[in-house]
Every structure is written in structure tokens, then in C-alpha cells.
Amino acid sequence: MQKVDMAKADRLREMSGVNTRKCMKCGKCSASCPAYEEMDIRPHQFVSYVESGDIEPLLESKSIWKCLSCFACVERCPRDVKPAKLIEAVRQMVVRQRGGNYLSPNEVPELLNEELPQQLLASAFRKYSK
Amino acid sequence: MQGLIERAKELLADGTVAQVLGWRKGDMGYDPEPAYFKSEEELKDFVYDAFCGANLSKYMIEAAKLEGKTLVFLKPCDTYSFNQLIKEHRVDRDKTYIIGVGCQGTLKPEKIREAGIKGIETVTIDGDTLKFDTIYGAKEMPFADALLERCKVCKGKKHMVYDELIGAAEDEEAGPVGNRFEEVEKLEAMSPEERFAFWQEQLSKCIRCNACRNVCPACSCRKCVFDSNQYDTSQKANAATFEEQMFHIIRAFHVAGRCTDCGECSRVCPQGIPLHLLNRKFIKDIDSFYGEYQAGADTDSRGPLTNFTFEDVEPSIVQTRGGGH
Amino acid sequence: MQVENTEFRPKIVAFCCNWCSYAGADLAGSSRLAYPADVKIIRVPCSCRVNPMFILRAFQRGADGVILCGCHPGDCHYTTGNYYARRRMTLLFSMLDYLGVENGRTRVEWVSAAEGVKFSTTMNEFVAKIHELGENVRLEDLRCKG
Amino acid sequence: MQRIGVFVCHCGTNIAATVDVKRVVEAAAKEPGVVHAEDYQYMCSEAGQLKIREAIEQKHLTGIVVCSCSPRMHENTFRQAAKRAGINPYMVEIANIREHCSWIHKDIEEATEKAVILARAAIAKVMLNAPLTPGTSQVVKRALVIGGGIAGIQTALDIADAGYEVDIVEKTPSIGGRMSQLDKTFPTLDCSACILTPKMVEAAAHEKITIYTYSEVEKVSGFVGDFHVDIRKKARSVDMSKCTGCGVCQEKCPSRKTPNEFNRGLNTRSAIYTPFAQAIPNVPVIDREHCTKFKTGKCGVCAKVCQAGAIDYDQQDEIITVDYGAIVVATGFDTIKLDKYDEYAYNQSPDVITSLELERIMNAAGPTKGHLERMSDHKPPKSMVFIQCVGSRCADKRGKSYCSKICCMYTAKHAMLIRDKYPDVDVTVFYIDVRTPGKNFDEFYRRAVEEYGVHYIKGQVGKVAPQGDKLLVQAADLLDNKQIRMETDMVVLATAIEPNPDVRKIATMLTASIDTNNFLTESHAKLRPVESPTAGIFLSGVCQGPKDIPETVAQAGAAAVKVVGLLAKDHLVTNPCTAKADPIFCNGCSTCEKVCPYGAISYEDQLVNDHGIRETRRVAVVNSALCQGCGACTVACPSGAMDLQGFSNRQILAEVDAICR
Amino acid sequence: MVYSYYPGCTLKNKAQDLDRYARMSAEALGFTLQEIEEWQCCGAVYPLASDEIATKLSAVRALNDAKEKGQDLVTLCSACHHVIKRVNDDMQNVEDIRTRANNYLKLEEPYEGETKVLHYLEVLRDRVGFDTIKEKVTHPLTGRKIGAYYGCMLLRPSSIMAFDEPENPTIMEDFIRALGAEPVVYPYRNECCGGYVSLKDKPLAGTMVDRVMESAVCHGAEELITACPLCLYNLRNSGSAKKVPVTYLTEILAEALGLLPEKEAEGGAEHAEG
């Protein structure tokens with residue numbers, strides 16, 4: 001039995017500015033997504049999950065760490081739904097919760113290499129942690 | 001002036017005209033009034049000086065119904081009104097003989113009074129100075145200080161229509177003097193509250209004497225819409241301010257695009273309401289929205305309110321331009 | 001629901017041309033696109049039928065906002081009517097603004113017969129604007145109140 | 001003194017569910033002048049109308065107000081009811097308490113209050129109504145059809161068969177339109193040309209039909225029954241009376257580099273050309289933009305080879321003016337430009353084509369003589385992908401908000417034809433929804449799947465990437481929840497259709513209403529689907545909305561019937577709501593004349609008795625046959641002398657007062 | 001012409017070449033990049049959530065700095081450009097963000113998106129002109145087949161970035177052509193390379209880089225250029241497919257303008273560094 005959390009769904013809609021009702025389920029977001037194969041819940045599903053208030057699986061989904069915010073789904077969506085913004089909102093919801101960070105400073109030294117540009121660290125911290 | 005009388009006599013004598021429309025001396029020397037002259041005899045009371053502010057164009061509507069031609073003396077700015085009336089088929093050019101007369105600006109007697117000159121017996125204009133014989137002795141004041149507001153921003157000394165010119169300025173081609181929109185701009189720069197207060201104060205002075213309407217050459221309707229039972233607006237007592245606002249807004253609207261900015265409305269208002277500021281606002285807007293337009297400059301162009309372009313500004317410009325510009 | 005007495009219920013007159021905007025309002029109706037009941041529509045054949053006198057009269061009688069809707073420029077049923085209306089209203093609104101009347105109380109909007117959505121959003125926006133401005137006191141004739 | 005009756009309609013629950021009709025009746029009954037007020041379930045019904053009639057007769061009513069649906073719906077119904085009861089039909093006013101009230105409000109209190117106010121306004125107005133009598137105007141017994149596609153041809157044929165003269169104006173060199181470009185038609189797979197060509201020939205041969213090809217409507221004035229239309233006959237540079245249609249000029253023409261519009265630019269044509277073999281008229285035109293003779297002055301080959309001496313380089317455009325009683329718009333459609341959809345690589349690979357281009361490729365007279373091949377290397381494809389809804393159903397700025405309606409069916413047709421003729425070609429269709437309402441339509445689509453083995457995958461394509469000589473298609477399979485990355489040889493885009501862009505210009509000339517998508521608006525979406533709200537203008541085919549061929553032909557016939565109904569009348573009853581000048585107030589200033597779009601105002605010297613003063617005055621006179629009742633003059637008039645009957649100053653002010661009370 | 005210039009963190013550190021070549025070329029082409037004082041890191045990703053303000057402030061400071069100088073603001077790194085252009089759009093169009101950002105910053109005059117944000121390429125295209133560049137090229141890159149790699153951040157969302165056609169851009173190809181080389185158009189030039197996931201998710205980044213590389217190679221590219229240090233790092237270091245060298249677009253610009261004597265010595269054959 002799925003747990004419906006409309007409050008969280010509303011919060012996600014508010015944070016992202018996405019109107020999930022505009023989706024016509026054409027799947028072009030998922031068709032465009034370069035990280036699709038790595039995702040357990042797919043871009044188009046984010047929209048329908050939020051629409052139906054089924055938030056818990058999204059918060060636990062690994063997809064939120066896979067989305068690149070490359071905006072291919074946003075650019076190509078025929079209904080102007082902007083799934084990437086919705087995924088970002090879920091990610092924000094997770095990292096803002098205590099202990100929700102996906103990247104901690106302790107991990108960093110071992111991930112570094114000589115050529116690694118600063119912006120990679122900056123962007124990873126932005127995306128992965130509070 | 002003598003030249004004008006002589007010429008009028010000639011035209012009466014040779015039958016070119018049946019009557020002469022000009023100004024007759026008043027009792028005080030500063031209060032001439034429009035009058036018809038039918039004969040040489042009557043013309044001895046004819047006068048033309050800086051106190052002859054009255055625009056005679058509108059009288060020509062009635063003159064068109066008289067027998068024979070009428071000789072009329074028009075100052076440069078009066079000719080705009082006359083032209084506009086030709087355009088509107090209200091006067092009969094064929095029954096009119098126009099002598100364009102020169103004008104150095106017309107005067108406002110109230111200003112003389114305000115300058116403390118009272119009990120005037122005679123007035124003489126001596127160059128830049130006004131000289132008075134009063135019961136209190138001789139007095140004088142600068143000519144310019146007694147000018148009507150409208151004449152401070154004279155729109156030019158050129159006659160738009162005439163049969164002959166007498167005493168016209170040599171600098172006929174000289175352009176307008178001063179910025180006639182200065183006062184409008186000052187109002188526009190105020191806050192809406194200030195503007196509202198300003199107009200509230202001004203228009204509440206109105207006593208609905210209809211002097212503005214009666215003198216206005218553009219307000220030439222046979223029967224005014226405010227005298228019509230159609231609008232339930234006919235001649236109400238002035239119990240609240242709106243009636244005046246409505247009257248003056250609609251009056252200004254009805255003459256928009258037709259008003260030549262002759263300033264007669266403000267000249268005759270017994271309450272001193274600056275009515276020309278309403279008309280000038282329309283003129284300024286018309287100029288800036290639809291291109292410069294001077295009513296009465298010709299007899300055949302389309303007025304701005306009977307014309308349009310596909311690209312005209314939208315009414316929302318009033319909101320978007322902000323302030324009152 | 002009992003409307004509270006203290007709540008400001010604006011009176012709004014909407015002049016709509018028969019061919020485009022009135023039909024647009026009909027479409028808003030048949031599409032059930034809500035807008036506040038404060039808006040009352042008067043049908044006129046064309047936006048060019050609207051005399052500035054009508055607008056001033058509405059304000060005099062206590063209207064808080066007056067909106068004029070017509071066909072889009074170029075689409076007038078009578079070819080050119082809305083072009084004249086556009087000039088007239090531009091000048092009138094500018095004059096009202098000059099007299100110190102809040103310039104949001106008057107509006108012109110072009111709404112086609114197919115624009116039910118636009119009609120509804122326009123009316124919602126306009127009513128919101130009038131709520132912002134509050135009651136019309138500057139143009140109202142106190143004698144006519146009651 | 002007026003005696004007014006008020007009738008409040010429940011419209012079933014449409015009104016009564018939100019408006020307390022009883023209270024409206026009570027409030028209306030208290031209004032001055034109202035002597036009768038009642039409500040009824042359906043005022044427009046026979047029984048409802050009878051109630052009105054009885055009340056008029058029994059209470060000696062002079063005018064009535066019906067509080068009901070929009071006057072655009074039933075004003076005429078109630079006017080006729082009033083007329084039957086013996087009062088002037090213009091003594092009727094409608095308070096629109098449905099579209100403008102009950103349907104948009106939820107709160108009963110609010111809606112009822114508004115309904116009462118709307119009723120009051122209508123009562124205030126009707127109190128000032130005066131009986132009006134319509135005049136009559138002439139009907140020119142000739143119709144104009146703009147556009148020579150299947151819609152225009154069918155409309156013209158039906159009008160002509162009813163015995164009326166009809167002219168077709170077509171801007172391209174031949175009639176035939178989009179249908180002539182199609183190969184086969186669904187769901188029967190008839191050859192398009194085989195069923196279209198006989199119609200074209202019939203139209204050309206019909207004694208009542210005149211066809212102006214390579215011509216455009218330039219200017220329209222007048223009104224229903226009497227339109228005046230300027231038609232520009234563009235210079236063909238070929239004398240139609242001399243040309244025998246032998247085609248030698250086209251063969252010999254040395255400039256052959258012009259993209260062939262008929263084949264959607266897939267190949268080229270000569271500068272002197274007829275668009276296709278069955279063109280009507282079979283007379284070529286010289287495309288002056290691309291003709292060497294016109295560009296450089298040197299050439300003249302066509303004139304040399306023409307034995308009939310038909311080539312005329314000096315021909316000029318000619319403008320003719322013709323009067324019509326009715327005009328039908330049948331301007332059709334085009335596919336949208338795909339520049340904004342380059343994720344499908346239309347501009348990057350010649351093997352990505354539109355469905356209309358595929359029609360030409362499949363057609364025996366097309367650029368590949370009917371062989372299915374890739375435009376890049378002319379090899380036959382082994383695999384093909386069809387992408388649905390390209391630019392249709394889009395909420396973004398790139399495409400169209402509507403469903404183009406025909407794509408699902410023609411894609412099934414293409415898929416089926418390809419699998420039939422080339423069974424070794426693998427065909428995959430990516431769809432969002434398959435929409436096949438229509439007789440034998442879904443069966444047709446199912447046959448494509450079941451009998452022909454076309455793969456249908458639910459999910460839109462995200463990207464088409466040319467890779468080597470293949471096209472890499474990246475899509476989602478929503479039902480299997482997987483991403484598909486497949487190679488294919490050709491991609492066909494079911495491109496959205498849009499009204500011909502020229503239609504906006506035409507709509508403006510006709511003052512016909514048009515929507516934001518450039519579809520012409522019908523007078524009523526359900527009940528008057530082939531009429532424009534502008535009287536005398538009718539709609540045929542896709543200019544009104546997406547349609548397939550049978551629907552287009554049906555609508556073309558319907559438009560023709562409406563035209564015939566109009567032309568069959570000897571006179572038209574004119575709108576009596578015309579302007580009228582009061583000679584007492586009129587200044588004769590000529591201001592009103594300047595804003596009248598119909599030239600309906602003139603001036604004459606009249607003897608006027610103004611409260612005892614008798615004098616001759618120049619006053620405005622309105623020609624009521626020309627006046628259409630816009631009211632521009634009434635506002636231009638400073639003295640208020642000009643007023644509009646039915647929408648008089650006093651009436652509108654009374655409404656304003658009632659609303660603001 | 002003097003432009004305010006926002007280099008960003010990486011250009012001051014790991015991608016100094018990108019910065020250096022850009023400045024050198026600018027001087028050669030007649031414009032100056034004036035680095036704004038005390039700029040702070042833009043954050044490298046645009047904060048998408050509607051309730052994030054603090055993370056946008058450094059961009060607003062840079063924008064306001066340019067506004068005060070009355071200059072357009074030029075950026076080079078795709079990420080900085082993306083962030084700053086989008087924040088600027090927020091400051092123009094999103095009232096809530098504008099008000100709150102101004103409340104934080106307490107500027108003398110509120111910033112309302114007045115500054116024009118330009119990418120270095122936009123300056124080359126719209127202000128200098130590719131034709132002018134073509135004239136100033138002294139060492140044309142004749143015969144080289146160069147693929148442009150746009151990535152995602154320059155182009156999307158197109159409504160805000162308004163940089164080029166998002167699905168079929170041409171600006172870098174025109175740029176390559178101006179330098180005398182042959183541009184190679186390949187469909188994956190606007191697909192994401194994997195960006196920040198390359199830190200923790202090498203396999204995913206690898207898949208994506210491989211797709212880009214395969215597409216480029218398949219269409220005949222012998223080298224790639226990019227504007228983004230992260231893309232450059234990722235394209236060079238992730239994935240397992242056959243690779244072609246990747247350089248910054250400013251490097252080939254400087255080279256074509258004859259500003260790299262060391263390249264001349266090498267005969268312009270070797271570009272790859274990693």
C-alpha cells in the first residue's frame with residue numbers, strides 16, 4: 001500500500017515550480033535522459049510519483065544522484081514540465097534533511113587527482129550536500 | 001487702427017461686404033467687445049488694440065446666415081479657429097472677407113488691476129509700456145506684465161487664411177515663442193495625489209456659467225450635448241464636484257484634435273480656472289502619440305481622432321510610461 | 001456564504017464588443033473559466049461604440065473600475081472600429097491620469113472570440129488590480145451614492 | 001408607458017443550480033415598469049415560448065426581458081417569439097445569466113446577486129427600446145471560393161450544381177491543393193490522384209465555375225450579399241489562350257535548379273513549369289524569380305521552342321474586381337517548419353523526412369518514381385522509424401497546442417503500405433497516444449499492427465543522431481520502462497499541420513475572426529461550424545481546424561449549402577440597429593463621415609424646425625442599407641446628434657446606471 | 001572596448017591556459033577583459049530550487065560590479081556563464097528573488113538585472129565578428145578537422161541562455177571556420193558529458209563521454225574544442241572509447257592568431273595534454 005504524502009508533494013512542486021499536471025506522459029524526458037540506464041526511478045516517473053503523492057520512494061531513489069541537471073529533458077519536453085527541476089527539488093529535500101548529504105568532506109582527498117578542476121568539487125558539493 | 005477703419009469703409013462703400021465684424025470701444029478703454037458695423041457712421045466706435053483679445057471666428061457661424069458678405073478682422077491665432085470652422089462646414093468662406101491684422105499679444109485687464117492700477121480713465125500703449133490716466137493720477141506698467149498667459153507662448157504671427165493683411169508683423173515666419181506645454185509638464189511631474197488636489201481645487205470653482213463653452217470656437221455645436229436629454233446631463237446645479245469634472249473632461253475631449261489652443265476658454269473664465277491646461281494636455285498627448293498636429297493649420301486634413309495607424313500606441317501606455325508624462 | 005459587510009466588493013463595468021470579446025466572455029463561460037462576480041458585462045456592437053461619457057458616468061455612479069474589450073487591432077468586425085477606440089481610450093485614460101485618477105481603474109484589452117482563457121485571466125487580473133486600488137473615491141459623485 | 005415582462009430561465013440546472021431563479025423573479029418584479037415576472041425550466045422550449053406569448057397577450061406587454069443564456073445563442077429565438085405574440089421583435093432584451101454568470105460562479109449568493117443586477121440592466125435598457133424595422137439589401141448571385149484544394153473544389157462544385165455562379169481563386173499555378181500531393185488515402189488506400197483528378201476536371205469544365213489560378217485576393221469591401229473583391233491575376237508569362245500544354249518549354253528550359261515545391265523540395269524543377277502532370281489548367285507559368293530571362297535578360301529558350309507563340313515575357317499582373325454575395329475560405333494548411341525541432345535532426349540528415357515528403361517519395365510521379373529510398377544515398381532502407389506528434393500537442397513555444405488529428409491515421413497508412421510493398425523493411429512507430437476515431441479507422445490501425453507487423457512503441461523519441469550511414473534513435477518505451485537506442489535507416493516525422501500562413505491576411509480583409517493558431521473561428525463551435533461570425537463568410541476545410549479528407553469534403557458540402565441558402569434569397573433583411581442623426585443637434589460638421597467604414601453617411605441641406613426657428617441646415621443622413629451599426633460615428637459626434645438604434649446612448653447609460661446602482 | 005570579466009575559480013587555477021589565451025586573443029582582437037575585483041566563486045551549478053537565495057548572491061555581486069562600471073560582463077567557463085546568466089534572468093524577471101537578493105546585499109541602488117552577460121564566444125560573434133577574426137588570423141588552422149563540444153550548460157535552457165539554437169548550434173562551428181579549420185558537426189555535441197557525477201560516479205560519466213567521443217570520431221573529428229574546464233577534464237579522463245585530443249577554444253584561437261610561438265615550433269601537430 002503506497003503512502004501518500006501530499007504535503008511533501010506540494011512542497012516539491014513549490015520548490016521546483018513544476019506543475020505536474022501538465023505532463024501528458026509522452027516520455028520524451030526519459031527518452032532524452034543520458035543517465036536513464038543508471039536510474040531506478042526514471043525522469044517521467046518523478047512527475048507521476050509527485051502527482052500521486054508517492055514521495056518516499058523518490059527520497060530513497062538513487063536517481064537523484066544520477067541526474068546531471070543537463071536540462072535535455074527540460075529543453076525537449078513538449079508540455080514545459082521541467083522534470084529536472086523536480087528531481088533537483090527531491091535532491092534538495094534529501095540533502096536538507098539531517099544526514100542526507102551524499103558527499104562528505106572526508107571522502108574528498110581520495111577522490112582528488114591532479115587535473116581535477118575546482119569547479120568539479122564546487123558543483124559536487126552543491127549537488128550532493130547541504 | 002485708422003488703416004483698418006479706412007479699409008472697412010471702402011469695402012462697405014464699394015459693396016464688397018454688407019457688414020463689418022470687429023471690436024467696439026468699451027466704456028473703460030480696456031474693455032472693447034465684438035460688434036457688427038453696418039455703416040461708416042458706426043465705424044467711428046471701431047477699435048483695435050491689445051485689449052481686443054476676443055477671437056471673432058466663432059461669430060462667423062452666425063454671420064454666414066446674414067445677407068451678403070461679412071468683413072472680419074482676424075488675428076493670427078484666430079485664423080486657425082476660422083480654418084477649423086471651414087473644415088467643419090460651419091462658416092462660409094465665400095461669404096467672408098478676412099483682413100488679417102497684426103498682433104503683438106493681447107492683454108488681461110485683471111493683471112492691471114492686480115498691479116494696483118485702479119480707476120482707469122484712459123489707456124495708451126507706448127512701446128513696451130502701458131500708460132494709464134486714472135482718477136488717482138498717471139500710472140504705468142510694463143506691457144509684458146499684463147499679457148494674457150496664452151500670449152506668452154504665442155504660436156506665431158502668421159495668418160493661416162486671409163484675403164488681405166494689414167499691419168501684419170514683419171517677422172511673419174517667426175516660429176512659436178516659449179514652450180506652451182511647460183505648465184502641463186509641471187502638472188505631469190506631480191504625484192497623482194497632487195494632481196488630483198490641484199484639479200479638485202480648480203474645477204470646484206466652476207459655476208457652470210458656460211462662458212468657456214460659449215466663447216470656444218471649437219465648441220460650436222448648435223446644441224450642446226450637455227443640453228441634451230439623452231445623457232441626463234442637462235444643466236444641473238453644482239452640488240458636487242463630479243459634474244464639473246465630467247463637463248470639463250468631456251468638453252476637452254470633444255474639442256480634442258479640433259482645439260487650436262486659442263486660449264479663449266481661460267481668458268473668459270470668471271473664476272480663473274486654467275481650462276487651457278486640459279486642452280493642452282490633449283494636444284501634447286496627440287503630438288507625442290500620433291505626431292505633431294495643429295488644428296486649423298489647414299482645412300482638409302483628418303483630425304487625430306478621426307484617423308489612426310495600425311501601429312498606434314495601446315492605451316496601456318498610460319500605465320507603462322509611469323508618472324504623468 | 002454571507003459576504004461580510006466590511007469586505008470591499010468592487011463594482012466593475014466591462015464593455016464588450018459583440019463580435020469578439022462578448023463571444024470570448026461566452027467562451028469563458030462555456031469553458032467554466034471563473035472570474036469574480038464583480039464584473040458585469042455590457043454588450044456593445046463594437047469597441048468604437050463606447051463613448052467616454054459612458055465611462056465617466058460609470059465612475060460617477062460608483063463604479064470602481066471600467067474595462068473595455070474589443071477585437072484585436074486588425075480583426076475588427078467593422079474593419080476599423082477598434083483603431084478609433086484605441087485612440088479615444090488612450091487619450092481619455094491619459095486625461096484621467098492627468099486629473100489624478102489612479103490609472104489602473106481603466107483598461108483596454110483586446111480579446112478575440114477564441115480567447116476565453118484570456119478573457120477570464122484579464123478579468124481576474126483587473127479585479128485584483130481594483131482590489132489593490134480600493135474604492136473609487138476620486139471620480140464618484142457622492143450624490144449618486146445610495 | 002412601457003409594460004415589461006421578465007422571464008427567467010432555469011436552463012435545467014445550468015442556471016438554476018447556481019442562481020436562485022425565484023429570487024431573480026422577485027427582484028425583477030419590483031423594478032419599475034415590470035408588470036410580469038416568471039421563471040421556467042427551459043424558456044427556449046416550445047412551452048417556454050408559449051408562456052412568453054401568453055404573458056404578452058394577457059398582460060399587454062410592450063417589451064420583454066429574458067434572463068437566460070447568451071443572446072448570441074437565443075436572442076433570435078425570443079425575438080421571433082415576441083413577434084409571433086404581436087410585439088416588435090426588437091422590444092426584446094436578454095440578460096446573460098448563464099455564460100456570464102451561473103457557469104463561472106460557484107457561490108449561489110454571489111451568482112444570484114449578479115443575475116439580479118444583470119436582469120435590472122436589461123430591464124433598464126428595454127424600457128428605452130423602440131420598435132425597429134429591418135430594411136432589405138440585394139444579394140449578388142455569385143460566390144467566391146478562396147483556395148482550390150479539395151475543400152474549395154468540392155464547395156465550388158456543390159454551389160455550381162445548385163445553379164449559382166462560383167469563382168475559385170487559387171494562388172498556385174494549379175488547383176488540387178495538398179490532396180494532389182498525396183499518394184494514397186486512408187482508410188481505403190485509394191490512389192489520391194485517382195479520386196481527386198475527376199473532381200478537378202469537373203470543376204474546370206463546369207459552366208458555372210470560373211477558376212483563377214496563380215491569383216490572389218487583394219482587397220475585399222462590402223458586406224454579406226454584396227462583397228466587392230479585387231483579385232490579382234499574377235502574370236503567368238504564358239498566354240493561356242494560346243498554350244496547348246505540350247510541355248516542350250519545360251523540357252527545354254535550361255534553368256532547372258529551382259526546388260520543386262510540389263515535391264517538397266526533394267528534387268528540382270525548371271523555371272517554366274506546371275506543378276504536376278494532371279495540373280489544371282495545364283498551362284505552365286514562368287517563375288520569374290528563378291528564370292534566367294528575367295534575371296539577366298539572356299535566354300528566351302521557351303519562347304523559341306513554343307510553337308503556339310504563347311510565351312509572353314511582358315505580361316503584367318492584372319487586377320479584376322468582381323462582386324459576390326458570399327465568400328468561402330478554403331485556404332488549407334501546410335506543415336510547420338521544423339527548425340526548432342532539431343533534436344530529430346531534420347536539418348542535419350536528408351534521411352529524416354516529413355510524412356508529406358514520404359508521400360512524394362512513395363508516389364510514382366515523385367522524385368524517386370515511387371521507389372522507397374533514402375534521399376542521402378538512394379539506397380532502399382531496411383529499417384524505418386516513424387515519430388508521432390512532432391510539433392503537435394505542445395505547450396511550449398516551438399509547436400502547436402492542438403492535436404493535428406490526421407497523423408495517427410496517415411502514419412498507420414504509411415507503415416502498412418511500406419510493409420506491404422517492402423516486407424523486409426522493419427517499421428517502428430513511436431507514439432504518445434494512437435488516436436483513431438472514425439469509421440473503420442481503429443480497425444485500420446490494428447491491421448497495421450496485426451497483419452503487417454508494424455511495431456508500435458508507446459514513448460516519444462528524445463533524439464535522432466546521424467551516426468555513419470545510420471540514424472541512431474534514442475527513445476523511451478514507457479510500457480516496458482526502458483530506454484531504447486536503436487539504429488535505423490530512415491526517420492519519418494509526423495509533422496504538425498498549421499493553417500496556411502496567408503490566411504491571417506485574408507481573415508483581416510474579410511474581417512473574419514481568427515484564433516491564436518490562425519484557424520478561422522466558427523460562429524458557433526457546435527451549431528454553426530461552417531459559418532464565420534462575419535455574415536456571408538463561410539469556412540471549408542482545414543482553415544477552420546485539422547481535418548482529414550472525408551471530413552473536409554463533408555464540411556465543404558455544408559459550406560456550399562449555407563452559401564446556396566444565402567444566394568437563393570432575393571433580398572437580405574438588414575440589421576435595423578443602424579445609426580441615425582438628430583437634425584436638431586447635428587452641426588453638419590462631417591466628423592462622423594470620416595470614421596464611417598462603409599461610407600454610409602452623407603450630408604444634405606434640410607429644412608429644420610428647431611423650436612420654432614425654421615432654417616435650412618447641412619445635416620448628416622445615414623444610409624441604413626449601408627450602415628452596419630458599429631457606432632463609430634456616435635462617439636465622433638460632439639453634439640450627440642448621432643445615435644445608434646438598439647444601442648442608444650440612453651440605453652447604454654441606463655445599463656451603466658443599473659449596474660452601478 | 002573594455003568588458004568586465006569574470007574568470008571563475010577554475011580559470012585561476014587548473015585552467016589557467018583557458019584564461020591566458022582568452023586575454024591574449026582579446027588584446028589581439030582589440031578588446032580588453034578587465035577582471036572584476038574580489039569576485040567570488042559562482043558555485044558552479046545554478047541553484048534550481050525556487051527558495052535558494054544565498055547561493056545566488058556571489059553572481060549578483062559580480063553582475064552589480066559590472067553594472068556600476070557600466071560594462072557588459074564577459075564569462076568564459078560554461079558553468080560560470082550558465083550560473084551568472086540564469087541568476088541575471090532571475091534578477092530581471094523573478095520578483096521574489098530580486099527583492100530578497102537585494103535585501104541581503106543592501107546595495108546603494110538595487111540590482112535589477114541591468115547588466116548584459118556575454119559569453120566570450122558571443123563577444124567574438126556579435127561584437128568582433130567572425131569575419132574580422134578571419135582577417136586577423138595569421139596562422140590559419142588549415143586542414144584540421146575540429147569538432148565543437150558545446151555540452152549542456154551553454155545552450156540550455158534555451159529560453160534563458162539564448163545562446164544559439166539548442167538542438168543544432170552553429171556558433172562554435174562558425175568560429176572554427178573563421179580560424180581556417182574545418183568544423184565537424186556531430187549530433188552529440190550538445191549532449192551532457194557527465195559533469196559533476198565524474199567525481200563519485202565514474203562509470204556513468206564514462207558512458208556519457210564515450211557516446212560523445214564515438215559520435216565525434218564517427219563524423220570525422222580529429223580534435224575537439226570546448227569552453228568548459230569540467231568538460232575538458234571529463235572528456236579527457238573518463239570513459240574507455242577511442243579518444244581525440246580536447247583543447248580549450250581559446251587555445252586554438254590564440255594559435256590561429258599567431259600568439260603561440262611554441263606551437264609554431266612544434267608545427268601545430270600536437271595538442272593533447274592528457
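Here the structure is a predicted model, which means the values were calculated and not measured. Lettering follows sequence order; numbering is per chain, from 1.
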Exercise for the section: Decide if atom NZ of D:K400 counts as having more than 12 heavy atoms of other residues, nucleotides or ligands within a radius under 6.0 Å. Expected result: yes

Problem - Reported CD-to-NE2 distance for the pair D:Q460 and A:H44, which is rounded to 0.5 angstrom - result: 13.5 Å

Practice task
Measure distances from D:K458 to the heavy atoms of chain A and classify the residue's part below 4.5 Å as side chain, backbone, both or neither.
Solution key: side chain

Practice task
Check for a donor-acceptor pair, side chain of D:R393 on one end and backbone N or O of A:P78 on the other, with a separation under 3.5 Å.
Solution key: no

Problem - Residue part contacting chain A, namely of D:D433, when any heavy atom lies under 4.5 Å - result: neither

Fill in the blank from the handout: Turns out that what part of A:E75 lies under 4.5 Å from chain D's heavy atoms comes down to backbone

Fill in the blank from the handout: Interface check, chain A: of D:D396, D:N481, D:I432, D:D477, most non-hydrogen pairs under 4.5 Å belong to D:N481

Practice task
With a 4.5 angstrom heavy-atom cut-off, could you sort out which part of D:R485 is near chain A: side chain, backbone, both or neither?
Solution key: neither

Fill in the blank from the handout: Answer key: most heavy-atom pairs under 4.5 Å with chain A among D:Q474, D:K463, D:Q388 is D:Q474

Exercise for the section: Name, in order of residue number, those residues of residues 346-354 of chain D that have a heavy atom at a distance of less than 4.5 Å from a heavy atom in chain A; otherwise write 'none'. Expected result: none

Handout entry: Close approach to chain D in residues 7-32 of chain A, criterion heavy atom under 4.5 Å
Key = A:M24, A:K25, A:C26, A:G27, A:K28, A:S30, A:A31, A:S32

Handout entry: Residues of residues 449-456 of chain D contacting chain A, heavy-atom criterion under 4.5 Å, by residue number
Key = none

Problem - Enclosure of A:K62 NZ (heavy-atom neighbours >12, cutoff 6.0 Å) - result: yes

Exercise for the section: Ignoring hydrogens and angles, tell me if any N or O in the side chain of A:R76 forms a donor-acceptor pair with the backbone of D:Y341 under 3.5 Å. Expected result: no

Handout entry: A:C73, part contacting chain D, at a heavy-atom distance under 4.5 Å
Key = neither

Completion exercise
Listed by number, the residues in residues 83-93 of chain A that come under 4.5 Å of chain D (heavy atom to heavy atom) are none

Problem - Exercise: identify the closest heavy-atom pair between D:Q483 and A:C33 - result: NE2-O, 2.9 Å

